[in-house]
Enquirer: 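Next up is a structure, given as structure tokens.
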Amino acid sequence: MRTCRATAVGKLTVVLATLTLVVAGCGGGPSPRAWAASVCSALAPWRSEISRLTSSTDQQMTAQTTPAQAKENLVRLFEGAEQASETARRKVEEAGVPETEHGEEISAGFRSTLAKMRDAYGRAGDAIDGLDTGEPTEFYDGVRAAVEALNKEYDASGLDTSRLSSEELKRAFDEVPECH
């Protein structure tokens, strides 16, 4: 008799544990509005930093500095963009998975896009860091090539909330104040 009870208790424990996992997997994530607010809160400082860094890069490209000074400044700028992108990616990851249809896919898409941007900035910084500053024309041609490659990668991985596959999230991104 003890064996039957032990077996029944063991099976009940497995069923309860499975139900707990299923229920936890189906719910418990942030609502679409809460997730959109968290994502927009993560992206706002990132966009500001990228905008600031873009302006600084433009200034560096036209400033009367030596190639060595420009190289140092540009590498620092791209490292800053790489770090800002990683910070935004990590904050989106910390926002969790929105409780909506395709929530995991949508969250993963945001994280993937930010990771691609982070990596693009890293590659641009590495490319510029590897340039020789001895010949200014060649150096600036190399900088232009690195920036063009960055722009292509950046354009290819742009964030676009209008193509979300969740009507709830589209509405949330349109409605929450953090996204405006």
Side-chain angles (χ1 to χ4, degrees), residues 9-58 74-128 146-180:
V9 169
K11 287 181 181 177
L12 181 60
T13 302
V14 169
V15 168
L16 288 175
T18 303
L19 285 174
T20 301
L21 288 174
V22 169
V23 169
C26 290
S31 70
R33 286 181 63 88
W35 190 78
S38 293
V39 168
C40 287
S41 293
L43 295 180
W46 172 77
R47 285 184 178 133
S48 294
E49 181 67 4
I50 297 304
S51 178
R52 185 188 71 73
L53 292 168
T54 300
S55 290
S56 295
T57 302
D58 290 344
L74 289 168
V75 168
R76 190 175 332 110
L77 291 169
F78 287 123
E79 285 174 353
E82 181 180 19
Q83 290 169 358
S85 298
E86 174 55 21
T87 298
R89 188 207 61 77
R90 193 175 55 253
K91 287 181 178 181
V92 168
E93 183 174 38
E94 290 168 1
V97 174
E99 196 170 307
T100 188
E101 189 175 355
H102 306 293
E104 178 59 45
E105 180 183 333
I106 292 165
S107 176
F110 272 81
R111 294 188 317 268
S112 174
T113 295
L114 288 163
K116 288 175 187 175
M117 291 178 179
R118 173 202 63 207
D119 296 345
Y121 284 119
R123 281 189 288 277
D126 290 345
I128 291 171
V147 170
E148 285 174 14
L150 169 66
N151 287 335
K152 285 179 186 173
E153 287 184 66
Y154 195 86
D155 289 344
S157 62
L159 287 171
D160 183 4
T161 59
S162 69
R163 296 186 319 189
L164 292 174
S165 59
S166 166
E167 287 302 318
E168 287 177 297
L169 282 175
K170 285 181 187 177
R171 214 172 19 261
F173 276 103
D174 287 341
E175 294 173 355
V176 297
E178 293 85 351
C179 295
H180 299 283

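Throughout, residue positions are numbered sequentially from 1 according to the sequence presented. The figures here come from the full heavy-atom set of this structure, side chains too, leaving out hydrogens, waters and symmetry mates.
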Enquirer: Less than 4.0 Å between a side-chain N and a carboxylate O, is that true for Glu94 and Lys91?
Expert: no
Enquirer: Does Arg111 pair with Glu104 as a salt bridge, N-O distance under 4.0 Å?
Expert: yes
Enquirer: Is Lys152 salt-bridged to Glu148, going by a charged N under 4.0 Å from an acidic O?
Expert: no
Enquirer: Applying salt bridge (Lys or Arg N to Asp or Glu O under 4.0 Å), run through Glu93 and Arg90 and close with a yes or a no.
Expert: CA-CA 5 Å; Glu93 183 174 38; Arg90 193 175 55 253; over 6 Å; no
Enquirer: In Å and rounded to the nearest 0.5 Å, what is the CD1 to CZ distance from Ile128 to Arg123?
Expert: 13.5 Å
Enquirer: What verdict does the side-chain contact (heavy atoms from CB on, under 4.5 Å) test give for His102 and Ser166, after you've listed the backbone C-alpha separation in whole Å, the side-chain angles of each residue and the deciding distance to 0.1 Å?
Expert: CA-CA 7 Å; His102 306 293; Ser166 166; 5.9 Å; no
Enquirer: May I ask you to say whether Glu86 pairs ionically with Arg89, meaning some side-chain N is under 4.0 Å from a carboxylate O?
Expert: yes
Enquirer: Between Ala124 and Leu150, what is the shortest heavy-atom contact and its length?
Expert: CB-CB, 4.1 Å
Enquirer: Can you name the residues that form a side chain to side chain donor-acceptor pair (under 3.5 Å) with Arg171, not counting sequence neighbours?
Expert: none
Enquirer: Quick one: are Val147 and Phe78 in side-chain contact, heavy atoms under 4.5 Å?
Expert: yes
Enquirer: So, taking the atom named CZ in Arg33 and the one named SG in Cys179, what distance separates them when rounded to the nearest 0.5 Å?
Expert: 9.5 Å
Enquirer: Grab the two heavy atoms, one from Ala120 and one from Glu153, that are nearest each other, plus how far apart they are.
Expert: CB-OE1, 3.4 Å
Enquirer: Grab the two heavy atoms, one from Ala146 and one from Ala127, that are nearest each other, plus how far apart they are.
Expert: CB-CB, 4.0 Å
Enquirer: CD1/Ile106 to NZ/Lys170 distance, rounded to the nearest 0.5 angstrom?
Expert: 9.5 Å
Enquirer: Checking side chain to side chain contact (heavy atoms under 4.5 Å, CB included) against Tyr121, which of Ile50, Leu53, Asp126 comes through?
Expert: Ile50
Enquirer: Check whether any side-chain N or O of Ser51 sits under 3.5 Å from a backbone N or O of Arg47 as a donor-acceptor pair, and report yes or no.
Expert: no
Enquirer: Find the distance between CH2 (Trp46) and CD (Gln83) and round it off to the nearest 0.5 Å.
Expert: 15.0 Å
Enquirer: Step by step, work out the side-chain contact (heavy atoms from CB on, under 4.5 Å) result for Leu43 and Leu114.
Expert: CA-CA 10 Å; Leu43 295 180; Leu114 288 163; 3.9 Å; yes
Enquirer: So if I apply the side chain to side chain contact (heavy atoms under 4.5 Å, CB included) rule between Glu168 and each of Pro98, Pro32, Ser31, which one comes out positive?
Expert: Pro32
Enquirer: Can you tell me how far apart CZ (Arg118) and OG1 (Thr87) are? Round to the nearest 0.5 Å.
Expert: 10.5 Å
Enquirer: Quick one: does any side-chain atom of Trp35 pair with a main-chain N or O of Gly96 as donor and acceptor, under 3.5 Å?
Expert: yes
